[in-house]
Protein chains: 2
Amino acid sequence: MAPPPTKQTMKERILETADKLFYLQGIRAIGVDTIAAEIGISKRTLYNHFPSKDALIAAYLERRFVQPRPSDKPPAEQILATFDSLERRFAAKDFRGCPFVNAVAELGPADRAVKKIAIAFKESRRVWFRERLNELGVTEADALATQLVLLVDGSIAQDLVRDDPAMARAAKEAAKVLLRNAGVDVGDGGDGGDGTVKQVKRHKRAPQ
Amino acid sequence: MAPPPTKQTMKERILETADKLFYLQGIRAIGVDTIAAEIGISKRTLYNHFPSKDALIAAYLERRFVQPRPSDKPPAEQILATFDSLERRFAAKDFRGCPFVNAVAELGPADRAVKKIAIAFKESRRVWFRERLNELGVTEADALATQLVLLVDGSIAQDLVRDDPAMARAAKEAAKVLLRNAGVDVGDGGDGGDGTVKQVKRHKRAPQ
DNA sequence: TTTTGGTTACACAGACCTGTGTACTTAGGC
DNA sequence: GCCTAAGTACACAGGTCTGTGTAACCAAAA
């Protein structure tokens, strides 16, 4: 489309467009011609910046691998805020699941490069949870961190097929129970503090 | 390959082979020629049984949509046994995630037929959990059922990326905490013993 | 001015894909 | 024996894909 006003390297413009198309429509579904046409450049230029589509895919995934910004909020709040952020992303209509899980799913087990970066990403998320749990003095921080990433990935998978942002709220309520069970004070936060799970309202974005 | 000794309709042979290849390598990655060649039939025969590849994909997913066998075990045991079964499937080397999630991920949001059956499958699992929770007298059965499917799908996604069957155990431990918190007796904290669980009336206070 | 590096237009190779057309063969029921 | 249904072999149309080759173009630096 129209070139953005900011001075941006060609490589970054290619990556940005590839990201949008790969993520929203699938890696195999998008050809390099489509990416070049979307930017308005020739396919030759694209291949001058990336030696192959595989290299572009790898760069796309590496660009998606961003660390969460550091926060000075209390660790328990940071953990729970993860699910609020998730809910906001679910509500956006351009959310289409976890790019790493999707890439592994559609590229298959043979693509070891993709699998490697996906594993690294998932582990980094788990470690992020574990660090905060350690700060909170949770004894079984490692096991609990694993359980929290299960809730994150589970809600992402569910939202991918159901388009239901309430999955993030359900995950948050479950996370609260797990945290409380580990001795973390998560406040009553409107869910009564008696350990009962709040009823989750379900509203679909796309009526079937 | 060699035709199986059992009398099997051609349609079923095609579906069986398509299932194996689609699931293990991806739907877009497998062409109809590959399926026909794997069975040792001509492509024409395949198209005499399925009008298009899309029809074959739909039949593949419908064949994957199997209801869990009825069981006479106590509901809480049935629920927890789900995660044991999951762990066994993770350990098999031909496990490659949830076929419905994978299909939605690789076929994109435009394929409404695939999305529809994926939604139906996910909902059927959620309802299965809810029915058992209702039997147990859990008040917030619907919300808790949602949380349990988050754990199921989360462990599937994690295992897909990490090839780690322990994800199912982690999910099971989290499920126990959630069940206990809802007043279901799932035995003591230890995973040992005979694994039997007893149904006990709910007590609202969670252990803090 | 000359050079140089990035870009463009465009053709093309070679592979793979879905789906069809057609004529031939084979097996079973009548 | 004859007929029908199912399967086979094989070519082919028309499309997509990745990746390359080539000559021209253009702007900015030297």
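Reckoned from all heavy atoms, side chains included, excluding hydrogens, waters and symmetry mates. First the proteins, then the strands, lettered A, B, ... as listed; each starts at 1.
- By the 6.0 Å contact criterion, CZ on Arg125(B) is open, its count of non-hydrogen atoms from other residues, nucleotides or ligands being 12 or less.
- Atom-to-atom, CG of Asp54(B) to P of dT18(C) comes out at 10 Å; the value is rounded to the nearest Å.
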With side-chain contact (heavy atoms from CB on, under 4.5 Å) as the criterion, how do Lys122(B) and Cys98(B) come out once you've worked through the C-alpha distance, each side chain's angles and the decisive distance to 0.1 Å?
CA-CA 10 Å; Lys122(B) 291 299 175 199; Cys98(B) 169; 3.2 Å; yes
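- Rounded to whole Å, the distance from CD1 on Ile57(B) to P on dT18(C) is 9 Å.
- Counting to the nearest Å, the P atom of dC17(C) and the CD1 atom of Ile27(B) are 15 Å from each other.
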For nucleotides 5-15 of chain C, just jot down a letter per nucleotide in 5' to 3' order: B, S or -, based on protein non-hydrogen atoms under 4.0 Å.
--BBB------
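- What separates CD1 of Ile35(B) from P of dC16(C) is a distance of 16 Å, to the nearest Å.
- Annotation: cation-pi geometry satisfied between Arg64(A) and Tyr23(A) (NZ/CZ under 6.0 angstrom from ring centroid, within 45° of ring axis).
- Gln8(B) is listed as a side-chain neighbour of Glu16(B), based on a closest heavy-atom distance under 4.5 Å.
- Between Phe95(B) and Phe90(B), the ring-plane angle classifies as tilted under the 30° and 60° cut-offs.
- Per the geometry, CZ belonging to Arg13(B) stands 13 Å off C1' belonging to dA6(D), to the nearest Å.
- Heavy-atom contacts from other residues, nucleotides or ligands closer than 6.0 Å to CD of Glu140(A) number 12 or fewer.
- One interatomic measurement links the two molecules: CZ of Phe50(A) to P of dT20(D), which rounds to 15 Å at whole-angstrom precision.
- One interatomic measurement links the two molecules: CG of Asp33(B) to P of dT20(C), which rounds to 14 Å at whole-angstrom precision.
- Here the C1' atom of nucleotide dC16(C) and the CZ atom of Arg28(A) are 12 Å apart, to the nearest Å.
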